[in-house]
Enquirer: 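I'd like to ask some things about the structure below.
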Amino acid sequence: MVSPEAERAREAGDGPGTAGDVREAETPGRPEAPEAVGSPEAPGTSGDGHGGDEQAGDGRPSPGGGPEGGGGGTTLWRNHDFLRLWAGQALSQAGSQISYVAIPLVAVVTLGASATEMGVLGALVRLPMLGFLLFGVYVDRMRKRPVLIWTDLGRAVVLALVPLLYVMDSLTLGALYAVVFALSLLSVLFQVAYRSYFPSLVPLSHLAEGNGKLQLSESLAQTAGPGAASALLKVMAAPMLILIDVFSYLFSAAAVLLIRRPEARPEPDDETAGSVHRAIWAGFRWVMTQPMIRPLAIASGLYSFFVMGAMQSIYILFLLRGGPDLPPEWVGAVMATGGVGAILGATLSVRTMRRLGLGPTLLWSTVIGNCSLLLVPFASGSAWTAAVMLGASQFVVWACNQVFFVSNMTLVQSITPPRLQARVIGTIYSLGLIPAPLGALGAGLLGDAVGLRFAILVAVVAGAILPILLLVFSPIPGTKEIPAGPRE
(Lines give C-alpha, C1' and ligand atoms only; values in the text may rest on other atoms or scores of the structure.)
Protein backbone atom coordinates (compact mmCIF):
# COMPACT_ATOMS: atom_id res chain seq x y z
CA MET A 1 0.00 0.00 0.00
CA VAL A 2 1.25 3.45 -0.75
CA SER A 3 0.42 7.02 -0.04
CA PRO A 4 -1.96 8.85 -2.37
CA GLU A 5 -0.37 8.96 -5.78
CA ALA A 6 2.86 7.44 -4.40
CA GLU A 7 1.94 4.20 -6.08
CA ARG A 8 2.70 6.03 -9.31
CA ALA A 9 6.31 5.28 -8.50
CA ARG A 10 5.60 1.84 -9.81
CA GLU A 11 4.72 3.37 -13.17
CA ALA A 12 8.44 3.73 -13.71
CA GLY A 13 8.31 0.13 -14.82
CA ASP A 14 4.72 -0.25 -15.74
CA GLY A 15 4.14 0.78 -19.28
CA PRO A 16 5.14 -0.80 -22.56
CA GLY A 17 8.54 0.49 -23.45
CA THR A 18 9.54 0.92 -19.82
CA ALA A 19 11.76 -1.12 -17.58
CA GLY A 20 10.65 -2.51 -14.27
CA ASP A 21 13.87 -3.67 -12.61
CA VAL A 22 17.25 -5.13 -13.37
CA ARG A 23 20.46 -6.43 -11.93
CA GLU A 24 24.21 -6.55 -12.04
CA ALA A 25 26.59 -9.30 -13.10
CA GLU A 26 30.25 -9.69 -12.34
CA THR A 27 31.22 -8.97 -15.95
CA PRO A 28 29.59 -6.78 -18.58
CA GLY A 29 27.33 -8.37 -21.13
CA ARG A 30 24.94 -11.21 -21.03
CA PRO A 31 25.67 -13.96 -18.49
CA GLU A 32 27.82 -16.66 -19.96
CA ALA A 33 25.82 -19.65 -21.19
CA PRO A 34 22.55 -18.80 -19.44
CA GLU A 35 20.20 -21.70 -18.93
CA ALA A 36 16.48 -21.43 -19.33
CA VAL A 37 14.69 -21.55 -16.02
CA GLY A 38 12.79 -24.77 -15.76
CA SER A 39 14.96 -26.65 -18.27
CA PRO A 40 16.53 -29.94 -17.13
CA GLU A 41 20.03 -28.42 -17.19
CA ALA A 42 19.25 -25.27 -15.25
CA PRO A 43 21.03 -25.15 -11.89
CA GLY A 44 18.71 -25.45 -8.97
CA THR A 45 15.73 -26.60 -11.01
CA SER A 46 15.85 -30.23 -10.06
CA GLY A 47 14.49 -31.50 -6.81
CA ASP A 48 12.66 -34.33 -5.16
CA GLY A 49 9.79 -32.24 -3.95
CA HIS A 50 11.07 -32.10 -0.39
CA GLY A 51 13.20 -29.80 1.69
CA GLY A 52 11.06 -26.70 1.98
CA ASP A 53 13.93 -24.59 3.34
CA GLU A 54 16.42 -25.55 0.66
CA GLN A 55 17.60 -22.78 -1.58
CA ALA A 56 19.10 -22.68 -5.01
CA GLY A 57 22.65 -21.54 -5.39
CA ASP A 58 21.60 -17.94 -5.92
CA GLY A 59 19.98 -17.64 -2.53
CA ARG A 60 16.46 -18.17 -3.83
CA PRO A 61 14.17 -21.04 -2.84
CA SER A 62 14.87 -24.28 -4.63
CA PRO A 63 12.15 -25.02 -7.19
CA GLY A 64 11.77 -28.39 -5.56
CA GLY A 65 11.00 -26.85 -2.19
CA GLY A 66 7.82 -27.91 -0.46
CA PRO A 67 5.31 -25.81 1.39
CA GLU A 68 6.78 -26.27 4.82
CA GLY A 69 9.14 -23.40 4.49
CA GLY A 70 7.28 -21.72 1.72
CA GLY A 71 9.41 -23.30 -0.98
CA GLY A 72 6.54 -23.71 -3.37
CA GLY A 73 6.14 -27.29 -4.64
CA THR A 74 4.36 -27.44 -7.99
CA THR A 75 2.10 -24.43 -7.45
CA LEU A 76 2.28 -21.16 -5.59
CA TRP A 77 -1.06 -22.00 -3.95
CA ARG A 78 0.99 -24.34 -1.71
CA ASN A 79 3.70 -21.75 -1.03
CA HIS A 80 2.48 -20.43 2.30
CA ASP A 81 5.08 -17.69 2.59
CA PHE A 82 4.19 -16.26 -0.81
CA LEU A 83 0.48 -16.41 0.06
CA ARG A 84 1.15 -14.42 3.25
CA LEU A 85 3.02 -11.75 1.30
CA TRP A 86 0.33 -11.69 -1.39
CA ALA A 87 -2.54 -11.43 1.09
CA GLY A 88 -0.86 -8.58 2.93
CA GLN A 89 -0.17 -6.68 -0.27
CA ALA A 90 -3.65 -7.27 -1.71
CA LEU A 91 -5.33 -5.70 1.31
CA SER A 92 -2.67 -3.01 1.53
CA GLN A 93 -3.21 -1.99 -2.10
CA ALA A 94 -6.95 -1.73 -1.49
CA GLY A 95 -6.30 0.51 1.50
CA SER A 96 -3.94 2.66 -0.57
CA GLN A 97 -6.68 3.36 -3.09
CA ILE A 98 -8.95 4.59 -0.31
CA SER A 99 -6.25 7.00 0.88
CA TYR A 100 -5.66 8.03 -2.73
CA VAL A 101 -9.20 9.42 -2.71
CA ALA A 102 -9.49 10.46 0.94
CA ILE A 103 -6.32 12.53 1.50
CA PRO A 104 -6.96 15.08 -1.28
CA LEU A 105 -10.53 15.39 0.00
CA VAL A 106 -9.23 16.06 3.50
CA ALA A 107 -7.06 18.83 2.09
CA VAL A 108 -9.77 20.42 -0.08
CA VAL A 109 -13.02 19.84 1.83
CA THR A 110 -11.89 19.64 5.46
CA LEU A 111 -8.98 22.10 5.37
CA GLY A 112 -9.99 24.32 2.44
CA ALA A 113 -6.69 24.01 0.54
CA SER A 114 -6.15 26.30 -2.46
CA ALA A 115 -4.77 25.23 -5.84
CA THR A 116 -1.28 26.33 -4.81
CA GLU A 117 -1.51 24.41 -1.55
CA MET A 118 -2.65 21.31 -3.44
CA GLY A 119 0.38 21.72 -5.68
CA VAL A 120 2.60 21.72 -2.61
CA LEU A 121 0.85 18.57 -1.39
CA GLY A 122 1.48 16.85 -4.71
CA ALA A 123 5.13 17.90 -4.68
CA LEU A 124 5.60 16.48 -1.17
CA VAL A 125 4.16 13.16 -2.34
CA ARG A 126 6.65 12.94 -5.20
CA LEU A 127 9.77 14.43 -3.61
CA PRO A 128 10.79 11.27 -1.65
CA MET A 129 10.71 9.29 -4.89
CA LEU A 130 14.05 10.86 -5.75
CA GLY A 131 15.48 8.68 -2.98
CA PHE A 132 15.08 5.40 -4.89
CA LEU A 133 18.80 5.23 -5.75
CA LEU A 134 19.93 5.92 -2.19
CA PHE A 135 17.41 3.53 -0.62
CA GLY A 136 18.51 0.80 -3.01
CA VAL A 137 22.04 1.00 -1.62
CA TYR A 138 20.98 0.60 1.99
CA VAL A 139 18.32 -2.06 1.37
CA ASP A 140 20.93 -4.21 -0.38
CA ARG A 141 22.98 -4.09 2.84
CA MET A 142 20.28 -5.32 5.21
CA ARG A 143 17.67 -8.02 5.64
CA LYS A 144 14.60 -6.97 3.70
CA ARG A 145 11.83 -8.63 5.72
CA PRO A 146 12.36 -6.40 8.79
CA VAL A 147 12.37 -3.37 6.47
CA LEU A 148 8.94 -4.38 5.17
CA ILE A 149 7.54 -4.88 8.66
CA TRP A 150 8.85 -1.62 10.12
CA THR A 151 7.86 0.50 7.13
CA ASP A 152 4.33 -0.93 7.28
CA LEU A 153 4.11 -0.17 11.01
CA GLY A 154 5.62 3.27 10.48
CA ARG A 155 3.07 4.11 7.77
CA ALA A 156 0.23 2.95 10.00
CA VAL A 157 1.38 5.21 12.84
CA VAL A 158 1.97 8.22 10.59
CA LEU A 159 -1.34 7.88 8.77
CA ALA A 160 -3.27 7.37 12.02
CA LEU A 161 -2.32 10.93 12.98
CA VAL A 162 -4.84 12.29 10.46
CA PRO A 163 -8.03 10.89 12.05
CA LEU A 164 -6.56 11.42 15.55
CA LEU A 165 -5.87 15.12 14.93
CA TYR A 166 -9.25 15.46 13.22
CA VAL A 167 -11.08 14.10 16.28
CA MET A 168 -9.05 16.44 18.50
CA ASP A 169 -9.94 19.35 16.18
CA SER A 170 -6.20 19.97 15.69
CA LEU A 171 -5.73 18.89 12.08
CA THR A 172 -3.93 21.55 10.01
CA LEU A 173 -2.61 21.70 6.48
CA GLY A 174 0.95 21.77 7.84
CA ALA A 175 0.30 18.53 9.75
CA LEU A 176 -1.16 16.94 6.60
CA TYR A 177 1.95 18.01 4.66
CA ALA A 178 4.17 16.29 7.23
CA VAL A 179 2.06 13.12 7.17
CA VAL A 180 2.06 12.89 3.38
CA PHE A 181 5.81 13.45 3.11
CA ALA A 182 6.62 10.84 5.76
CA LEU A 183 4.13 8.40 4.24
CA SER A 184 5.65 8.76 0.79
CA LEU A 185 9.19 8.42 2.17
CA LEU A 186 8.32 5.16 3.93
CA SER A 187 6.45 3.93 0.84
CA VAL A 188 9.48 4.40 -1.38
CA LEU A 189 11.63 2.45 1.08
CA PHE A 190 8.98 -0.28 1.24
CA GLN A 191 8.71 -0.51 -2.54
CA VAL A 192 12.45 -1.06 -2.99
CA ALA A 193 12.56 -3.72 -0.27
CA TYR A 194 9.37 -5.43 -1.45
CA ARG A 195 10.42 -5.84 -5.07
CA SER A 196 13.85 -7.16 -4.09
CA TYR A 197 12.52 -9.49 -1.33
CA PHE A 198 9.82 -11.26 -3.35
CA PRO A 199 12.24 -13.32 -5.53
CA SER A 200 13.65 -14.99 -2.40
CA LEU A 201 10.26 -16.52 -1.61
CA VAL A 202 9.51 -18.34 -4.85
CA PRO A 203 11.36 -20.72 -7.18
CA LEU A 204 12.79 -19.22 -10.35
CA SER A 205 10.30 -21.25 -12.38
CA HIS A 206 7.39 -19.56 -10.52
CA LEU A 207 8.54 -15.95 -10.70
CA ALA A 208 6.20 -15.17 -13.60
CA GLU A 209 3.22 -16.73 -11.85
CA GLY A 210 3.97 -14.81 -8.66
CA ASN A 211 4.37 -11.51 -10.46
CA GLY A 212 1.12 -12.14 -12.30
CA LYS A 213 -0.78 -12.76 -9.07
CA LEU A 214 0.68 -9.69 -7.37
CA GLN A 215 -0.11 -7.54 -10.39
CA LEU A 216 -3.67 -8.85 -10.65
CA SER A 217 -4.48 -7.94 -7.05
CA GLU A 218 -2.98 -4.48 -7.61
CA SER A 219 -5.05 -3.96 -10.76
CA LEU A 220 -8.22 -5.04 -8.97
CA ALA A 221 -7.49 -2.59 -6.15
CA GLN A 222 -6.84 0.25 -8.57
CA THR A 223 -10.10 -0.45 -10.36
CA ALA A 224 -12.44 -1.06 -7.42
CA GLY A 225 -10.75 1.03 -4.70
CA PRO A 226 -11.79 4.55 -5.75
CA GLY A 227 -15.41 3.47 -6.21
CA ALA A 228 -15.47 1.83 -2.79
CA ALA A 229 -13.98 4.96 -1.25
CA SER A 230 -16.62 7.13 -2.91
CA ALA A 231 -19.38 4.90 -1.54
CA LEU A 232 -17.92 4.92 1.98
CA LEU A 233 -17.70 8.72 1.93
CA LYS A 234 -21.49 8.78 2.12
CA VAL A 235 -21.35 7.35 5.65
CA MET A 236 -17.88 8.43 6.88
CA ALA A 237 -15.94 11.68 6.92
CA ALA A 238 -12.80 11.62 4.76
CA PRO A 239 -10.36 11.84 7.72
CA MET A 240 -12.02 8.85 9.42
CA LEU A 241 -12.03 6.87 6.17
CA ILE A 242 -8.24 6.84 6.37
CA LEU A 243 -8.49 4.46 9.34
CA ILE A 244 -9.23 1.67 6.85
CA ASP A 245 -5.82 2.27 5.31
CA VAL A 246 -4.21 2.27 8.76
CA PHE A 247 -5.60 -1.19 9.51
CA SER A 248 -4.53 -2.47 6.11
CA TYR A 249 -0.92 -1.48 6.91
CA LEU A 250 -1.14 -3.35 10.22
CA PHE A 251 -2.50 -6.42 8.42
CA SER A 252 0.32 -6.27 5.89
CA ALA A 253 2.93 -6.04 8.66
CA ALA A 254 1.39 -9.04 10.44
CA ALA A 255 1.33 -11.06 7.20
CA VAL A 256 5.04 -10.41 6.56
CA LEU A 257 5.83 -11.17 10.21
CA LEU A 258 4.30 -14.65 9.75
CA ILE A 259 6.60 -15.55 6.85
CA ARG A 260 8.71 -18.49 8.01
CA ARG A 261 11.53 -18.68 5.50
CA PRO A 262 14.76 -17.50 7.15
CA GLU A 263 16.53 -14.63 5.45
CA ALA A 264 20.32 -14.60 5.49
CA ARG A 265 22.16 -11.39 6.21
CA PRO A 266 23.56 -10.00 2.94
CA GLU A 267 27.25 -10.57 2.40
CA PRO A 268 29.29 -7.36 2.72
CA ASP A 269 30.28 -5.81 -0.60
CA ASP A 270 33.94 -4.89 -0.04
CA GLU A 271 34.13 -3.01 -3.35
CA THR A 272 31.44 -0.45 -2.46
CA ALA A 273 31.13 -0.73 1.33
CA GLY A 274 32.85 2.57 2.00
CA SER A 275 31.11 4.68 -0.63
CA VAL A 276 27.46 5.29 -1.36
CA HIS A 277 28.38 6.78 -4.72
CA ARG A 278 30.31 3.67 -5.77
CA ALA A 279 27.42 1.49 -4.63
CA ILE A 280 24.93 3.49 -6.70
CA TRP A 281 27.28 3.43 -9.67
CA ALA A 282 27.62 -0.37 -9.43
CA GLY A 283 23.87 -0.78 -9.94
CA PHE A 284 23.70 1.78 -12.74
CA ARG A 285 26.75 0.32 -14.49
CA TRP A 286 25.27 -3.17 -14.43
CA VAL A 287 22.02 -1.92 -15.94
CA MET A 288 23.84 -0.22 -18.78
CA THR A 289 26.13 -3.17 -19.59
CA GLN A 290 23.41 -5.80 -19.90
CA PRO A 291 22.15 -6.23 -23.49
CA MET A 292 18.82 -7.60 -22.22
CA ILE A 293 18.29 -4.78 -19.74
CA ARG A 294 19.93 -1.71 -21.26
CA PRO A 295 17.27 -1.17 -23.99
CA LEU A 296 14.50 -1.54 -21.42
CA ALA A 297 16.15 1.00 -19.12
CA ILE A 298 16.68 3.58 -21.88
CA ALA A 299 13.15 3.01 -23.16
CA SER A 300 11.92 3.60 -19.63
CA GLY A 301 13.37 7.09 -19.63
CA LEU A 302 11.95 7.90 -23.06
CA TYR A 303 8.48 6.60 -22.18
CA SER A 304 8.59 8.53 -18.92
CA PHE A 305 9.48 11.80 -20.64
CA PHE A 306 7.06 11.64 -23.56
CA VAL A 307 4.09 9.63 -22.24
CA MET A 308 4.06 9.69 -18.43
CA GLY A 309 5.30 13.28 -18.35
CA ALA A 310 4.30 15.11 -21.52
CA MET A 311 1.13 13.34 -22.67
CA GLN A 312 -0.41 12.62 -19.28
CA SER A 313 0.15 16.14 -17.98
CA ILE A 314 -2.17 17.65 -20.62
CA TYR A 315 -4.37 14.60 -21.25
CA ILE A 316 -7.43 15.72 -19.27
CA LEU A 317 -7.20 19.25 -20.64
CA PHE A 318 -7.03 17.79 -24.16
CA LEU A 319 -10.16 15.68 -23.56
CA LEU A 320 -12.12 18.72 -22.39
CA ARG A 321 -10.80 21.50 -24.62
CA GLY A 322 -8.37 20.12 -27.19
CA GLY A 323 -10.67 18.67 -29.81
CA PRO A 324 -12.64 15.74 -28.39
CA ASP A 325 -14.46 18.26 -26.16
CA LEU A 326 -15.99 15.57 -23.96
CA PRO A 327 -18.51 16.44 -21.25
CA PRO A 328 -16.67 16.46 -17.89
CA GLU A 329 -18.80 13.59 -16.59
CA TRP A 330 -17.55 11.36 -19.43
CA VAL A 331 -13.88 11.68 -18.49
CA GLY A 332 -14.19 9.29 -15.55
CA ALA A 333 -15.84 6.66 -17.74
CA VAL A 334 -13.04 6.91 -20.32
CA MET A 335 -10.41 6.54 -17.61
CA ALA A 336 -12.25 3.58 -16.04
CA THR A 337 -11.78 1.49 -19.18
CA GLY A 338 -8.08 1.43 -18.37
CA GLY A 339 -8.80 -0.35 -15.10
CA VAL A 340 -10.78 -3.05 -16.88
CA GLY A 341 -7.92 -3.51 -19.34
CA ALA A 342 -5.43 -3.74 -16.48
CA ILE A 343 -7.36 -6.61 -14.88
CA LEU A 344 -7.52 -8.49 -18.19
CA GLY A 345 -3.82 -7.92 -18.87
CA ALA A 346 -2.75 -9.10 -15.42
CA THR A 347 -4.94 -12.19 -15.78
CA LEU A 348 -3.49 -13.14 -19.18
CA SER A 349 0.14 -12.08 -18.59
CA VAL A 350 1.61 -15.43 -17.59
CA ARG A 351 -0.32 -17.35 -20.26
CA THR A 352 0.87 -14.92 -22.89
CA MET A 353 4.48 -15.31 -21.78
CA ARG A 354 4.24 -19.10 -21.87
CA ARG A 355 2.65 -19.11 -25.31
CA LEU A 356 4.84 -16.51 -27.05
CA GLY A 357 8.03 -16.65 -24.99
CA LEU A 358 9.57 -13.93 -22.85
CA GLY A 359 11.15 -11.73 -25.54
CA PRO A 360 8.23 -11.74 -28.00
CA THR A 361 5.87 -10.93 -25.14
CA LEU A 362 7.96 -7.91 -24.14
CA LEU A 363 8.17 -6.76 -27.75
CA TRP A 364 4.54 -7.24 -28.81
CA SER A 365 3.04 -5.85 -25.61
CA THR A 366 5.15 -2.76 -26.30
CA VAL A 367 4.20 -2.56 -29.98
CA ILE A 368 0.45 -3.03 -29.45
CA GLY A 369 0.22 -0.91 -26.32
CA ASN A 370 2.31 1.95 -27.65
CA CYS A 371 0.63 2.03 -31.06
CA SER A 372 -2.79 2.20 -29.40
CA LEU A 373 -1.68 5.55 -27.96
CA LEU A 374 -1.97 6.93 -31.49
CA LEU A 375 -5.76 6.81 -31.10
CA VAL A 376 -5.53 9.71 -28.66
CA PRO A 377 -4.40 12.59 -30.93
CA PHE A 378 -6.69 11.37 -33.72
CA ALA A 379 -9.81 11.11 -31.53
CA SER A 380 -12.38 13.33 -33.27
CA GLY A 381 -15.87 13.38 -34.74
CA SER A 382 -18.85 13.29 -32.42
CA ALA A 383 -18.34 13.12 -28.67
CA TRP A 384 -19.40 9.46 -28.73
CA THR A 385 -16.90 8.58 -31.45
CA ALA A 386 -14.07 10.38 -29.67
CA ALA A 387 -14.96 8.75 -26.35
CA VAL A 388 -14.94 5.27 -27.93
CA MET A 389 -11.51 5.89 -29.47
CA LEU A 390 -10.10 7.24 -26.21
CA GLY A 391 -11.64 4.43 -24.16
CA ALA A 392 -10.25 1.81 -26.55
CA SER A 393 -6.81 3.37 -26.23
CA GLN A 394 -7.02 3.31 -22.42
CA PHE A 395 -8.17 -0.33 -22.41
CA VAL A 396 -5.43 -1.61 -24.72
CA VAL A 397 -2.64 0.47 -23.16
CA TRP A 398 -3.37 -0.72 -19.64
CA ALA A 399 -3.88 -4.35 -20.69
CA CYS A 400 -0.49 -4.31 -22.44
CA ASN A 401 1.05 -2.47 -19.48
CA GLN A 402 0.29 -5.38 -17.19
CA VAL A 403 1.56 -8.03 -19.61
CA PHE A 404 4.74 -6.03 -20.11
CA PHE A 405 5.26 -5.36 -16.41
CA VAL A 406 4.94 -9.00 -15.36
CA SER A 407 7.28 -10.17 -18.13
CA ASN A 408 9.79 -7.41 -17.47
CA MET A 409 9.80 -7.93 -13.71
CA THR A 410 10.26 -11.67 -14.18
CA LEU A 411 13.24 -11.11 -16.47
CA VAL A 412 14.86 -8.70 -14.05
CA GLN A 413 14.34 -10.82 -10.95
CA SER A 414 15.59 -13.93 -12.76
CA ILE A 415 18.95 -12.55 -13.83
CA THR A 416 19.77 -9.93 -11.18
CA PRO A 417 22.25 -11.09 -8.51
CA PRO A 418 20.54 -10.96 -5.08
CA ARG A 419 23.18 -8.53 -3.76
CA LEU A 420 22.17 -5.98 -6.40
CA GLN A 421 18.39 -6.40 -6.56
CA ALA A 422 17.51 -3.27 -4.58
CA ARG A 423 20.08 -1.03 -6.29
CA VAL A 424 18.99 -2.13 -9.74
CA ILE A 425 15.33 -1.58 -8.88
CA GLY A 426 16.20 1.85 -7.52
CA THR A 427 18.09 2.66 -10.73
CA ILE A 428 15.19 1.70 -12.98
CA TYR A 429 12.58 3.50 -10.88
CA SER A 430 14.74 6.62 -10.96
CA LEU A 431 15.13 6.44 -14.73
CA GLY A 432 11.36 6.15 -14.98
CA LEU A 433 10.63 9.07 -12.65
CA ILE A 434 13.17 11.82 -13.22
CA PRO A 435 12.33 12.59 -16.89
CA ALA A 436 8.55 12.88 -16.27
CA PRO A 437 8.49 16.39 -14.72
CA LEU A 438 10.67 17.71 -17.56
CA GLY A 439 8.31 16.19 -20.11
CA ALA A 440 5.32 17.71 -18.34
CA LEU A 441 6.87 21.16 -18.48
CA GLY A 442 7.75 20.79 -22.14
CA ALA A 443 4.26 19.61 -23.04
CA GLY A 444 2.66 22.59 -21.33
CA LEU A 445 4.88 25.04 -23.21
CA LEU A 446 4.36 23.24 -26.53
CA GLY A 447 0.60 23.03 -26.01
CA ASP A 448 0.35 26.77 -25.45
CA ALA A 449 2.52 27.47 -28.49
CA VAL A 450 1.08 25.12 -31.14
CA GLY A 451 -2.12 23.66 -29.66
CA LEU A 452 -3.00 20.71 -27.47
CA ARG A 453 -3.68 18.20 -30.26
CA PHE A 454 -0.31 18.76 -31.94
CA ALA A 455 1.49 18.61 -28.57
CA ILE A 456 -0.23 15.30 -27.80
CA LEU A 457 0.69 14.00 -31.27
CA VAL A 458 4.38 14.84 -30.81
CA ALA A 459 4.48 13.23 -27.37
CA VAL A 460 2.69 10.07 -28.49
CA VAL A 461 4.70 9.52 -31.68
CA ALA A 462 8.03 9.96 -29.93
CA GLY A 463 6.99 8.05 -26.79
CA ALA A 464 5.55 5.16 -28.79
CA ILE A 465 8.00 4.70 -31.64
CA LEU A 466 11.38 5.23 -29.96
CA PRO A 467 10.90 2.49 -27.30
CA ILE A 468 9.71 0.07 -29.99
CA LEU A 469 12.84 0.69 -32.06
CA LEU A 470 15.06 0.13 -29.03
CA LEU A 471 13.49 -3.26 -28.39
CA VAL A 472 13.44 -4.33 -32.05
CA PHE A 473 17.21 -3.76 -32.41
CA SER A 474 18.10 -5.61 -29.20
CA PRO A 475 18.48 -9.29 -28.22
CA ILE A 476 15.01 -9.22 -26.63
CA PRO A 477 12.85 -10.39 -29.59
CA GLY A 478 14.94 -13.56 -30.02
CA THR A 479 14.90 -14.56 -26.35
CA LYS A 480 12.19 -17.17 -25.81
CA GLU A 481 13.18 -18.60 -22.42
CA ILE A 482 13.78 -16.80 -19.13
CA PRO A 483 17.56 -16.65 -18.72
CA ALA A 484 19.02 -17.74 -15.39
CA GLY A 485 21.57 -15.25 -14.14
CA PRO A 486 24.98 -15.93 -12.61
CA ARG A 487 24.93 -17.64 -9.23
CA GLU A 488 26.48 -15.81 -6.31
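Here the structure is a predicted model, which is why all the values come from computation and not from measurement.
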Enquirer: Counting N and O atoms only, with roles assigned by atom type, does the side chain of Ser372 sit under 3.5 Å from a partner on the main chain of Gly369, one being a donor and the other an acceptor?
Expert: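 Such a contact is found between Ser372 side chain and Gly369 backbone.
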Enquirer: Using side-chain heavy atoms (C-beta onward) and a distance below 4.5 Å, is Trp86 in contact with Leu76?
Expert: no
Enquirer: Under a 3.5 Å distance rule, please check whether Ser92 uses its side chain to pair with a backbone N or O of Gln89 as donor and acceptor.
Expert: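 No.
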Enquirer: If you take all heavy atoms of Tyr249 and Ala156, which pair is closest and at what distance?
Expert: CB-CB, 3.8 Å
Enquirer: Would Val162 and Val246 count as a side-chain contact (heavy atoms from CB on, under 4.5 Å) if you check the C-alpha gap in whole Å, the side-chain angles of each, and the deciding distance to 0.1 Å?
Expert: CA-CA 10 Å; Val162 175; Val246 172; over 6 Å; no
Enquirer: With rounding to the nearest 0.5 angstrom, report the CG to CZ distance, Leu214 to Arg195.
Expert: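 If we round to the nearest 0.5 Å, Leu214:CG and Arg195:CZ are 6.5 Å apart.
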Enquirer: With a 4.5 Å heavy-atom cut-off, do Val147 and Val192 have their side chains touching?
Expert: no
Enquirer: Any side-chain heavy-atom pair from Asp81 and Arg260 closer than 4.5 angstrom?
Expert: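 Heavy-atom side-chain distance check passes, below 4.5 Å.
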Enquirer: Between the side chain of Thr361 and the main-chain N/O of Gly357, is any donor-acceptor distance below 3.5 Å?
Expert: yes
Enquirer: Looking at Ser252 and Ser248, would you say the former's side chain and the latter's main chain have a donor-acceptor pair under 3.5 Å?
Expert: no
Enquirer: Take Arg84 and Val256 through the test side-chain contact (heavy atoms from CB on, under 4.5 Å) and record every step on the way to the result.
Expert: CA-CA 6 Å; Arg84 291 171 186 128; Val256 176; over 6 Å; no
Enquirer: Is a side-chain N or O of Glu263 found less than 3.5 angstrom from the main chain of Lys144, in a donor-acceptor match?
Expert: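 Side chain of Glu263 to backbone of Lys144, a donor-acceptor pair under 3.5 Å: yes, one is there.
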Enquirer: Looking only at non-hydrogen atoms, find the nearest pair between Leu358 and Ser407 and report the distance.
Expert: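 Nearest heavy atoms, Leu358 then Ser407: CD1-O, 3.5 Å.
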Enquirer: Pick one: which of Ile149, Asp152, Leu153, Leu148 meets side chain to side chain contact (heavy atoms under 4.5 Å, CB included) with Leu257?
Expert: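 Of the listed residues Ile149, Asp152, Leu153, Leu148, the side chain to side chain contact (heavy atoms under 4.5 Å, CB included) partner of Leu257 is Ile149.
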Enquirer: Should Leu344 and Val340 be marked as a side-chain contact (heavy atoms from CB on, under 4.5 Å) after you check the CA-CA gap, both sets of side-chain angles, and the distance that decides it?
Expert: CA-CA 6 Å; Leu344 179 65; Val340 178; 5.9 Å; no
Enquirer: What's the shortest heavy-atom distance between Val158 and Ala182, and which atoms?
Expert: CG1-CB, 4.0 Å
Enquirer: Closest heavy-atom contact between Tyr166 and Ala237?
Expert: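 So the minimum-distance heavy-atom pair works out to OH-CB, 3.8 Å.
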Enquirer: Could you state the interatomic distance from CG (Asn370) to CG (Asn401), rounded to the nearest 0.5 Å?
Expert: 8.5 Å
Enquirer: Quick check for you: to the nearest 0.5 Å, what is the distance between Leu362 atom CG and Ile476 atom CD1?
Expert: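 The CG atom of Leu362 sits 6.0 Å away from the CD1 atom of Ile476.
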Enquirer: Are the side chains of Val188 and Gln191 in contact, using a 4.5 Å heavy-atom criterion?
Expert: no
Enquirer: Heavy atoms only: give me the nearest Pro163-Pro239 pair and the separation to one decimal.
Expert: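 Nearest heavy atoms, Pro163 then Pro239: CB-O, 3.5 Å.
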Enquirer: Is there a donor-acceptor contact under 3.5 Å from the side chain of Thr172 to the main chain of Ala175?
Expert: yes
Enquirer: Rounded at 0.5 Å granularity, tell me how far CZ in Phe251 sits from CG in Leu91.
Expert: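 The CG atom of Leu91 is 5.5 Å from CZ of Phe251, to the nearest 0.5 Å.
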Enquirer: Quick one: are Leu302 and Leu470 in side-chain contact, heavy atoms under 4.5 Å?
Expert: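 Sidechains of Leu470 and Leu302: in contact.
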Enquirer: Between Met240 and Val167, is there a side-chain heavy-atom distance shorter than 4.5 Å?
Expert: yes
Enquirer: Below 4.5 Å, heavy atoms only, C-beta onward: do Arg351 and Arg354 meet side chain to side chain?
Expert: no
Enquirer: When rounded to the nearest 0.5 angstrom, what is the spacing between NE2 in His80 and CD1 in Ile259?
Expert: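 Reported to 0.5 Å precision, the distance equals 13.0 Å.
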Enquirer: Would you find a donor on one side and an acceptor on the other, under 3.5 Å apart, between the side chain of Ser304 and the backbone of Ser300?
Expert: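 No; judged by distance alone, with no hydrogens or angles, the pair does not exist.
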Enquirer: Any chance the side chains of Thr289 and Arg294 put a donor and an acceptor closer than 3.5 Å?
Expert: no
Enquirer: Would you compute the distance between atom CG of Leu348 and atom SG of Cys400 and round it to the nearest 0.5 angstrom?
Expert: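 Reported value, rounded in 0.5 Å steps: 10.5 Å.
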Enquirer: Report the C-alpha separation of Leu363 and Val367 in whole Å, then their side-chain angles, then the decisive distance to 0.1 Å, and conclude whether the side-chain contact (heavy atoms from CB on, under 4.5 Å) test is met.
Expert: CA-CA 6 Å; Leu363 175 63; Val367 171; 4.0 Å; yes
Enquirer: Got a donor-acceptor contact below 3.5 angstrom from the Asn79 side chain to the Val202 backbone?
Expert: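 No; zero donor-acceptor contacts below 3.5 Å.
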Enquirer: Against the six-membered ring of Tyr197, is Arg145 placed for a cation-pi contact (under 6.0 Å from the centre, within 45° of the normal)?
Expert: no
Enquirer: What closest approach, in Å, do Ser187 and Arg155 show between heavy atoms, and which atom pair accounts for it?
Expert: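 The answer is OG-NH1, 3.2 Å.
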Enquirer: With no hydrogens and no angle check, is any side-chain donor or acceptor of Thr366 less than 3.5 Å from a backbone partner on Trp364?
Expert: no
Enquirer: Is the closest side-chain heavy-atom distance between Leu296 and Leu471 below 4.5 Å?
Expert: yes
Enquirer: Does the pair Ser200 and Arg261 meet the rule for a side-chain hydrogen bond (donor to acceptor under 3.5 Å, both in side chains), with working shown?
Expert: CA-CA 9 Å; Ser200 70; Arg261 176 169 293 278; over 6 Å; no
Enquirer: Between Thr347 (side chain only) and Ile343 (backbone N and O only), is there a donor and an acceptor less than 3.5 Å apart?
Expert: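 Yes; judged by distance alone, with no hydrogens or angles, the pair exists.
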